[in-house]
Enquirer: 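Sharing a structure with you now.
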Amino acid sequence: MTSPQFTPRVFSGIQPSGGLTLGNYLGAIKRFVQMQDEGMETIYCMVDLHAVTVWQNPADLARNTRELAAGFIASGLTPEKSILINQSQVPEHAQLGWVFSCVARMGWMQRMTQFKDKAGKNAQNVSLGLFGYPALMAADILIYHATHVPVGEDQKQHLELTRDIATKFNHDYGVDFFPITEPVIEGAATRVMSLRDGSKKMSKSDPSDASRINMTDDADTIAKKIRKAKTDPDALPSEVEGLADRPEARNLVNIYAALNEQTVEQTLAEVGGQQFGTFKPLLAELAVSRLSPISGEMARLMADPAEIDRILARGAEQAREITAPVLARTYEIMGMVR
Ligand code: AQP
């Protein structure tokens, strides 16, 4: 439970480590917009300092950061209602990140499955930043005293670590300073899978472009990727139980349900019994109708990068009104002479 003295505040972020995918949209951004529109105080971040835990070409990083900002705005986030920032313009994230690197334990970090997945057999050669990433992520959240964090399923473990860090800091210093944040993992598509392999998460850095739908893909590309998506030879079931052991079928049904704002049960009541030859064109049509207005708006916004930069600079100023006092108080609690 979040401690009662903390007013509800939402924070979440996405890495500008490539173009936005349908996974980011359904797993995170759609929920960001809902929480903003419910009137909660919301802060959304392009986490560029996280992106550089793996090599980023500088020109690509700048373009991806602006494109991500355009994706946020085109999806319905507005600088009038949400604070929109890129992480490196708000230095308190990295400063608190260092403090949390000193709070988190090696054993906690070694259990992080995302590090194991990303480092693979190459663990000795990846950056130290990739290993320490969850401490910076905890700082991103707690520098705002955020109480709610909307994310996809893959971030659940990092949010548990964020709670552990807050608890340990509060315990070690005998304070009730950092809130115990609640993850918000909701909807039919909290884990969108690769279109080529139903056991792998759809990811912006997957080497295969056919594995994902990018938010900037045009209608033909979306239709082609869905047509070629891996499936099995059976018809779709009418009951959710019929999707067990059919990861690719389940993934496409989940995507359909999330795009159509309905439950998986409602989707199956509609499309159960259909062969993929019938279902895939329906899904493609739905995806295009939902995504093309967003990609069109993204292209319009990307034509004026200076305006995006102004929005991010203004967001950083607003953010620092929150983050500077939280960092100052953190240092004071720790005994740093001010
Ligand atoms: N496939 C997914 N399904 C549902 N949610 C997803 N998210 C990412 N992929 C999926 C959610 O999007 C938010 C931002 O994620 P991120 O970009 O910061 O990092 P990530 O989870 O590592 O995403 P990628 O696409 O896999 O990036 P790369 O390839 O650079 O590592 C998070 O809320 C995440 O849950």
Side-chain angles (χ1 to χ4, degrees), residues 10-35 42-57 60-61 64-65 67-69 71-72 75 77 85-87 93 112-120 126-127 129-130 133-134 136-138 140-141 146 148-162 181-209 211-216 225 229 247-248 250-252 254-255 257-259:
V10 179
F11 174 90
S12 197
I14 296 190
Q15 298 185 68
S17 48
L20 271 176
T21 70
L22 182 67
N24 298 134
Y25 177 67
L26 294 178
I29 298 181
K30 249 175 132 265
R31 196 77 187 101
F32 295 180
V33 178
Q34 281 165 1
M35 294 182 100
T42 43
I43 300 133
Y44 296 120
C45 186
M46 290 110 242
V47 285
D48 45 12
L49 295 173
H50 284 287
V52 297
T53 54
V54 298
W55 166 251
Q56 302 293 328
N57 173 290
D60 291 346
L61 181 66
N64 287 334
T65 303
E67 192 178 278
L68 183 51
F72 277 8
S75 302
L77 297 177
I85 49 166
N86 61 313
Q87 188 186 22
H93 286 239
M112 294 297 113
T113 56
Q114 194 179 79
F115 176 76
K116 291 184 202 162
D117 291 346
K118 288 196 174 181
V126 296
S127 73
L130 189 68
Y133 178 123
L136 179 58
M137 178 167 160
D140 297 332
I141 296 165
H148 295 81
V149 183
V151 281
E153 180 70 37
D154 60 317
Q155 292 298 332
K156 194 169 175 216
Q157 197 186 28
H158 289 165
L159 285 173
E160 278 157 13
L161 190 106
T162 299
T181 304
E182 294 291 332
V184 182
I185 303 174
E186 289 169 355
T190 54
R191 190 168 174 82
V192 178
M193 308 309 281
S194 157
L195 299 179
R196 309 302 297 161
D197 176 352
S199 67
K200 260 173 70 182
K201 189 184 81 149
M202 182 182 286
S203 173
K204 56 174 109 70
S205 58
D206 190 313
S208 160
D209 191 59
S211 70
R212 63 180 162 263
I213 293 175
N214 304 300
M215 295 301 288
T216 48
K225 285 180 177 175
E248 283 85 14
R250 188 173 58 225
N251 188 37
L252 295 188
N254 285 352
I255 293 174
L259 285 171

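Remember, it's 1-based here, ligands and their atoms both numbered in the order they're listed.
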Enquirer: Below the 3.5 angstrom mark, is there an N/O of Glu153, backbone or side chain, next to an N/O of ligand 1?
Expert: no
Enquirer: Hey, does Gly23 come in under 3.5 Å of ligand 1, counting only N/O atoms on both sides?
Expert: yes
Enquirer: Using a 3.5 Å cut-off on N or O atoms only, is Ser17 in polar contact with ligand 1?
Expert: yes
Enquirer: At under 4.0 Å between heavy atoms, is it the side chain or the backbone of Leu26 that contacts ligand 1, or both, or neither?
Expert: neither
Enquirer: Could you check atom 21 (O) of ligand 1 against the protein and tell me its nearest heavy-atom contact, residue, atom and distance included?
Expert: Asp154 OD2, 2.6 Å
Enquirer: Sequence neighbours excluded, which residues qualify as side-chain hydrogen bond (donor to acceptor under 3.5 Å, both in side chains) partners of Gln56?
Expert: none
Enquirer: With a 4.5 Å limit on heavy-atom distance, are the side chains of Ser17 and Asn64 in contact?
Expert: no
Enquirer: Would Ile14 count as being in polar contact with ligand 1, using the rule that some N or O on each side must be under 3.5 angstrom apart?
Expert: no
Enquirer: Specify the protein heavy atom at minimum distance from atom 3 (N) of ligand 1: its residue, its atom name, and the distance to 0.1 Å.
Expert: Val192 N, 2.8 Å
Enquirer: Looking at CG of Asp197 and OG of Ser208, how far apart are the two atoms once the value is rounded to the nearest 0.5 Å?
Expert: 10.0 Å
Enquirer: Identify the protein heavy atom lying closest to atom 31 (O) of ligand 1, giving its residue, its atom name and the separation to 0.1 Å.
Expert: Lys118 NZ, 2.6 Å
Enquirer: Name the closest protein heavy atom to atom 12 (O) of ligand 1, giving the residue it belongs to and the distance to 0.1 Å.
Expert: Asn24 ND2, 3.1 Å
Enquirer: Should Ser205 be counted as touching ligand 1, given the test is an N or O pair under 3.5 Å?
Expert: yes
Enquirer: Please list the nearest protein heavy atom to atom 27 (O) of ligand 1 with its residue and the distance rounded to 0.1 Å.
Expert: Lys204 NZ, 3.1 Å
Enquirer: Please report the interatomic distance CE(Met202) to CD1(Ile213), rounded to the nearest 0.5 Å.
Expert: 5.5 Å
Enquirer: Listed by chain and number, what are the side-chain hydrogen bond (donor to acceptor under 3.5 Å, both in side chains) partners of Ser194, not counting sequence neighbours?
Expert: none
Enquirer: Find the distance between SG (Cys45) and CZ (Phe11) and round it off to the nearest 0.5 Å.
Expert: 4.0 Å
Enquirer: Would you say ligand 1 has an N or O under 3.5 Å from any N or O of Tyr133?
Expert: no
Enquirer: What I want to know is whether Asp206 and ligand 1 share at least one N or O pair that is separated by under 3.5 angstrom.
Expert: no
